[in-house]
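These notes concern the structure reproduced below.
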Amino acid sequence: MSESKNSTLYDVAIIGGGINGAVSAARLSASGLKVLLLERGDFASTTSQESSNLVWGGIKYLQSYEFGLVYKLCRSRNQLMRCYPNRIREIGFLASIGPTSPFGRVLGLFGTMAYWVIGGFYTKMPKLYLANRASEIEPSFIPGRAALEYFDAELPDNDSRFVWDFLATAKRFGSEVCNYSELVEAQFDGEWNLVAQDAFSSEKIEYRAKSIVNATGPFAANVSELLGVTPESRLVLSKGVHLIVPKIHNSDRVLAFWDEEGRMFYVLPMGDRSMIGTTDTRVESETKEVTPADREFLLRQINKEMNLETPLTELDIISERCGVRPLVAGSAKGETTDWHKLSRKHVIETAPDRRVITVFGGKLTDCLNVGDEVFAAVKKFRIGKWRAAENWYGEESRDRQQSFERVAKEVFGSSLAAELIVSELWRRHGSRALEIVELARGDQELREPIFEGLGICGAEVSYVLENEQVKTADDLLRRRLPIAMCRSSIEIEQNTRLNQLLSDVSSLSPKGLA
Ligand SMILES: Cc1cc2nc3c(=O)[nH]c(=O)nc-3n(C[C@H](O)[C@H](O)[C@H](O)COP(=O)(O)OP(=O)(O)OC[C@H]3O[C@@H](n4cnc5c(N)ncnc54)[C@H](O)[C@@H]3O)c2cc1C
């Protein structure tokens, strides 16, 4: 097995390329630190590609009286909505008040109003619809039930794409970010000597760093052990499954119900498809296994709670998502009684003697706070040369967007399909999308949507393959772009044009990774 040495002494090595690793990399490098990030699979290939894609204040935590958490999450949501007017969009949640709902319409209206107030009135005001009106606006609801509408936000392009945005920022500020690079050895002698193994070649590369951020989500304990630190916090893991099915309702809203266990579940938009979920099952280890019981449970809830012309069956499943929520369960010695009620707050622990910071738990919605808190913790180590952080998050200005749209329209034209492509190009790439427009300028085929109904053209696929550290077909289809979420594996296999574009990567597979 070959070995090589990277001679740079990094200020911080971040282990884990999910949302928490990515925001930490963006925040620290924007403040002038020399940052290395190691991710053993592809970026965001674990929990951060399996969420419900919601940027939300956590309305359901009002039921467990976690007002402080809801206030904090609402503030984080509002900040993200303000800074990402395209990548994050406000969306209505229409909740059907049926027999499994834990409250009636009056208490429900009171709760959603309280949520709106705690959220600083930042979204549209909640509304109550009586039964007749509820069936009119959402014919797929069971007739005779009232509905409540409140507002939160979602990531139309998938959670993993949002993670990539932070990594792209970190790279812009000079971070070295490596996917398929697993931390396998670590020794501290005043500085960290790290060994990472490449998942394709098995080559081992040595790195040196002054400090470490352990942002390995559900694997925090394993990596702590490797680093020789004993954190106070302990994680318990809860599996959550989503199924993607053909679009089952027409409006551009999220539909909300309560499942037979009294937990909220949703029908969420996923491109031109619907995503249903989620489950909440305690598991002992990280898993991506969707069991027949998970599928059966989700399909049963939807068929019970919706007035569908034809009930959904397993044959309708286009794709699946499965991840584990890393939930902080108090101290390493503490026992957990009701794990369903475990808080979704994150905890950041520091081991100053070894200069290790560990991030436990958290939500995508709270990612900017995680970035700031990791920064504050690293600052205490007094390493590296600091400067005031430059723009480490947020979209470019509206003026830039408008000038992009002018150029893109000249090239793509103004059909409905072209408009969808142009708006999604800006949303996913900002002004980097100008390079995609230039690629497409002289080539009609590269301007065409890769699948009818999706705003993704051949030029975008080529650009992403070339510029976004794509190493396997799944990196592109599942994470940089939401293709494998909205189209089945058979549809993808049969798409000759897409397969031609992917021919360079589709044969690669990392050793030892699923
Ligand atoms: C079903 C479900 C629904 C959710 N819905 C929402 C939602 O709607 N909104 C919201 O805000 N939050 C939601 N969450 C929570 C959110 O997704 C997670 O809190 C977040 O993604 C955790 O990110 P992370 O970076 O901590 O972990 P991860 O994304 O798991 O990243 C950790 C990374 O560390 C890597 N790693 C591990 N060991 C090593 C090693 N030795 N070397 C290198 N790399 C290593 C792993 O490969 C992994 O990619 C949901 C979670 C689930 C499971």
Side-chain angles (χ1 to χ4, degrees), residues 13-25 36-58 60 73 76-77 80 88 152-155 158-160 162-163 166 177-186 194-199 212-227 235 237-242 254 264-266 268 275 277-281 283 286-288 290 294 320-328 344-348 358-367 369-371 374 479 510 513-514:
I14 298 168
I15 317 302
I19 186 69
N20 288 334
V23 287
S24 303
L36 166 74
L37 181 143
L38 300 173
E39 163 55 55
R40 75 168 166 195
D42 184 29
F43 306 121
S45 58
T46 311
T47 326
S48 300
Q49 68 168 4
E50 312 289 359
S51 81
S52 305
N53 282 336
L54 297 178
V55 173
W56 66 322
K60 67 180 180 184
L73 284 176
S76 307
R77 173 201 67 190
L80 285 174
I88 293 175
D152 256 317
E154 63 128 19
L155 293 161
N158 220 357
D159 38 16
S160 49
F162 196 55
V163 172
F166 286 104
V177 308
C178 313
N179 50 354
Y180 296 102
S181 214
E182 175 175 6
L183 177 74
V184 288
E185 287 170 38
L194 307 172
V195 179
Q197 183 159 23
D198 183 286
I212 292 203
V213 174
N214 173 1
T216 52
F219 307 96
N222 310 28
V223 173
S224 293
E225 206 180 314
L226 190 64
L227 299 174
L235 289 175
L237 305 178
S238 146
K239 181 171 88 164
V241 174
H242 292 92
V254 175
M264 272 188 118
F265 77 98
Y266 304 106
L268 300 139
M275 173 160 89
T278 171
T279 58
D280 193 356
T281 320
V283 286
E286 204 275 331
T287 172
K288 292 209 178 266
V290 182
D294 294 326
E320 300 178 329
R321 293 157 77 95
C322 176
V324 296
R325 305 170 183 88
L327 307 175
V328 184
R344 266 56 171 169
K345 281 179 205 148
H346 63 261
V347 170
I348 292 179
T358 310
V359 183
F360 290 95
K363 315 234 21 120
L364 274 158
T365 308
D366 219 8
C367 62
N369 287 329
V370 170
V374 166
R479 286 176 284 278
L513 284 174

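Ligands are counted one by one from 1 in listed order, and the atoms in each one are counted from 1 as well. Values below: every heavy atom of this structure, side chains too, minus hydrogens, waters and symmetry copies.
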(request) Can you see which heavy atom on Val290 is nearest to which on Arg321, and at what distance? (result)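 Nearest heavy atoms, Val290 then Arg321: CG2-O, 4.5 Å.
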When you look for heavy atoms under 4.0 Å from ligand 1, do you find them on the side chain of [X], its backbone, both, or neither?
X: Glu50; value: backbone
X: Val55; value: neither
X: Ala215; value: backbone

Heavy atoms only: which of [options] is nearest to [atom]?
atom: atom 13 (C) of ligand 1; options: Gly240, Ser51, Gly277; value: Ser51
atom: atom 26 (O) of ligand 1; options: Val370, Ile15, Asn20, Val23; value: Asn20
atom: atom 42 (N) of ligand 1; options: Leu155, Thr278, Leu183; value: Leu183
atom: atom 18 (C) of ligand 1; options: Ser76, Ser160, Gly362; value: Gly362
atom: atom 22 (C) of ligand 1; options: Gly217, Ser45, Ser48; value: Ser48

(request) Using ring-ring contact (aromatic ring centres under 6.0 Å, His included) as the criterion, list what pairs up with Phe360, not counting sequence neighbours. (result)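 Result, ring-ring contact (aromatic ring centres under 6.0 Å, His included) vs Phe360: none returned.
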(request) List in chain and number order the residues that pass side chain to side chain donor-acceptor pair (under 3.5 Å) with Thr46, two or more places apart in sequence or in another chain; answer none if no residue qualifies. (result)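 If we apply the side chain to side chain donor-acceptor pair (under 3.5 Å) test to Thr46, skipping adjacent residues, there are no hits.
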(request) Provide, to 0.1 Å, the distance between atom 16 (C) of ligand 1 and the closest protein heavy atom, together with that atom's residue and name. (result)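 Closest protein heavy atom to atom 16 (C) of ligand 1: Leu364 N, 4.0 Å.
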(request) Nearest 0.5 Å please: distance from the CG atom of Asn369 over to the NZ atom of Lys345. (result)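 Asn369 CG to Lys345 NZ: 13.5 Å, rounded to 0.5 Å.
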(request) Using a strict 4.0 Å cut-off to heavy atoms of Gly18, name the atoms of ligand 1 that fall inside it. (result)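 Answer for ligand 1: 25 (O), 29 (O), 31 (O).
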